[in-house]
Amino acid sequence: MKIVILDGYTLNPGDLSWESLKNLGDVDIYPRTKPEELLPRAEEAEILITNDVGLPPAVLKKLTKLKYICVIATGYDGIDLVQASKQGIIVSNSPGYSTYSVSQSAIALLLHLTQHIKDHDDAVKRGEWELSEDVCFWNYPLIELFSKKMGIIGMGSIGQQTAGIAEAMGMEIQAYSPRPKAVSGIQKFSWVSKEELFTSSDVISLHCPLSKETEHIISSASLDLMKKSAFIINTARGKLIDEHALAAALNAEKIAGAGLDVLSKEPPEADNPLLKAKNCCITPHNAWAAREARKRLMEIAVRNITAYQAGRPIHVLNP
């Protein structure tokens with residue numbers, strides 16, 4: 001069985017083993033795949049494994065031997081599920097592997113914005129503490145999160161894990177989802193409307209998938225509803241945010257700051273307005289990438305493909 005991995009480097013830059021996947025068939029592993037390389041590499045594959053290489057209809061139509069796509073990520077917006085279904089191609093994603101890593105990163109971004117640990121470390125190493133007349137000093141406001149409201153958009157596994165950490169710090173949790181589901185294990189929790197979440201939250205953390213419903217859920221209109229003291233955290237998808245609107249709000253000090261692990265175009269272009277926006281911390285889409293999470297992802301990919309080969313596919317996205 002021909003298996004082709006289109007962009008294996010982010011999953012395994014060299015600190016994991018491919019052996020468990022190689023045991024499943026004849027495997028070709030490519031660290032990265034450019035658009036012009038996609039068809040020559042994929043045309044013989046029955047199984048394609050992809051992280052961020054998109055598979056639009058025009059490409060899928062030419063892959064006549066393809067039967068199964070394993071997305072080594074939770075998000076799958078780069079795969080055209082309608083066309084895949086037309087061709088009888090099963091598509092699975094890999095849920096749950098990054099729950100702990102991404103929620104940890106979301107809170108880390110928030111703590112950076114409230115504590116400015118790196119900024120104060122830089123100040124100490126510049127000698128500012130040595131010159132201080134007092135035993136302590138701070139160059140930025142220090143914000144206590146206890147009793148503040150954490151507003152979460154999307155209460156799947158990552159949203160709930162983030163909520164649990166925030167609650168442990170004494171925050172009150174509220175959430176919005178177009179289709180609310182039961183949530184257990186969080187005491188100070190309530191579902192609220194989208195408008196109430198924007199107007200009353202001290203922190204808004206995004207944990208929803210990208211869809212027509214959620215694209216630019218952070219917009220000029222929603223930013224206008226927010227407290228001047230509020231923060232936005234995004235470890236989900238870049239296009240959930242209208243980046244020009246967010247940059248304008250930050251620069252006008254309409255909100256207090258933003259912590260982002262994702263942008264609408266990655267890697268970003270030099271003119272992305274958020275790169276120079278006030279109080280905007282950006283990490284390079286690595287919230288998911290702890291070795292423990294990547295090892296878990298490899299294991300899920302192996303289970304997905306093993307289940308497909310046994311005729312009982314799991315984590316299927318298309319009917």
Would you indicate whether [X], at its atom [atom1], is surrounded by more than 12 heavy atoms from other residues, nucleotides or ligands within a distance under 6.0 Å?
X    : atom1 : value
Y30  : OH    : yes
Y176 : OH    : yes
E36  : CD    : yes
W191 : CH2   : yes

Look only at the side chain of [X] and the backbone of [Y], and say whether a donor-acceptor pair between them is shorter than 3.5 Å.
X    : Y    : result
T214 : I217 : no
W129 : D121 : no
N279 : A256 : yes
N251 : A247 : yes
Q115 : L142 : no
N234 : R237 : yes
Q160 : V183 : no

Side chains of [X] and [Y]: is there a donor and an acceptor less than 3.5 Å apart?
X    : Y    : answer
T10  : N51  : yes
T283 : D261 : yes
S85  : N318 : yes
Y68  : S92  : yes

Quick check with a 6.0 Å cut-off and a 45 degree axis cone: is R32 positioned over the face of Y9's six-membered ring? yes
Start with the C-alpha gap between E46 and K65, add the side-chain angles, then the distance that decides, and say whether side-chain contact (heavy atoms from CB on, under 4.5 Å) holds. CA-CA 5 Å; E46 178 177 330; K65 296 183 180 181; 5.8 Å; no
Atom pair [atom1] ([X]) and [atom2] ([Y]), whose distance is rounded to the nearest 0.5 Å:
X    : Y    : atom1 : atom2 : value
S105 : H285 : OG    : NE2   : 10.5 Å
E215 : S211 : CD    : OG    : 8.5 Å
Q161 : I158 : CD    : CD1   : 9.5 Å
I5   : R41  : CD1   : CZ    : 12.5 Å
Q174 : E196 : CD    : CD    : 6.0 Å
I107 : I233 : CD1   : CD1   : 8.0 Å

Do [X] and [Y] have side chains that approach each other closer than 4.5 Å (heavy atoms only, starting at C-beta)?
X    : Y    : result
I232 : I255 : yes
P313 : N304 : no
I218 : D242 : no
Y308 : K67  : yes
K188 : E167 : yes
L11  : W18  : yes
N272 : L263 : yes
L250 : L274 : yes

In this structure, which one of L66, L81, L55, L48 forms a side-chain contact (heavy atoms from CB on, under 4.5 Å) with I89? L66
On a heavy-atom basis, which atom in [X] and which in [Y] lie closest, and how many Å separate them?
X    : Y    : value
A293 : S101 : CB-CB, 4.0 Å
V262 : A236 : CG1-O, 3.6 Å
A163 : I186 : CB-CD1, 3.5 Å
S94  : L297 : CB-CD1, 3.4 Å
M226 : F231 : CE-O, 4.2 Å
Q83  : P57  : CG-CA, 3.8 Å

Does the pair L109 and L260 meet the rule for a side-chain contact (heavy atoms from CB on, under 4.5 Å), with working shown? CA-CA 7 Å; L109 286 166; L260 313 173; 6.0 Å; no
Mind checking whether [X] and [Y] sit in one hydrophobic cluster, side chains of I, L, V, M, F, W, Y counted as touching below 4.5 Å?
X    : Y    : result
L111 : I173 : yes
W138 : L110 : no
I69  : I90  : no
I152 : L145 : yes
I300 : W288 : yes

Is it true that [X] and [Y] have a side-chain N and a carboxylate O under 4.0 angstrom from each other?
X    : Y    : answer
K2   : D28  : yes
K148 : E172 : no
E299 : K295 : yes
R294 : D15  : yes
E253 : K228 : no

Residues which pass salt bridge (Lys or Arg N to Asp or Glu O under 4.0 Å) with D224, listed by chain and number, not counting sequence neighbours: K254
Contacts of type side chain to side chain contact (heavy atoms under 4.5 Å, CB included), residue A123, not counting sequence neighbours: R126, E128, F137, N139
Yes or no on side-chain contact (heavy atoms from CB on, under 4.5 Å) for K227 and D202, after CA distance, side-chain angles and deciding distance? CA-CA 7 Å; K227 297 178 180 180; D202 298 292; 2.9 Å; yes
Pair I241, H216 - check side-chain contact (heavy atoms from CB on, under 4.5 Å), show working. CA-CA 5 Å; I241 293 177; H216 287 187; 5.9 Å; no
Parallel, tilted or perpendicular, judged at 30° and 60°: which one describes the rings of H120 and Y140? perpendicular
Using 30° and 60° as the class limits, which term best fits the ring planes of H116 and H112: parallel, tilted or perpendicular? tilted
Audit row: T74, N93, side-chain hydrogen bond (donor to acceptor under 3.5 Å, both in side chains) steps and yes/no: CA-CA 6 Å; T74 304; N93 70 338; 5.4 Å; no
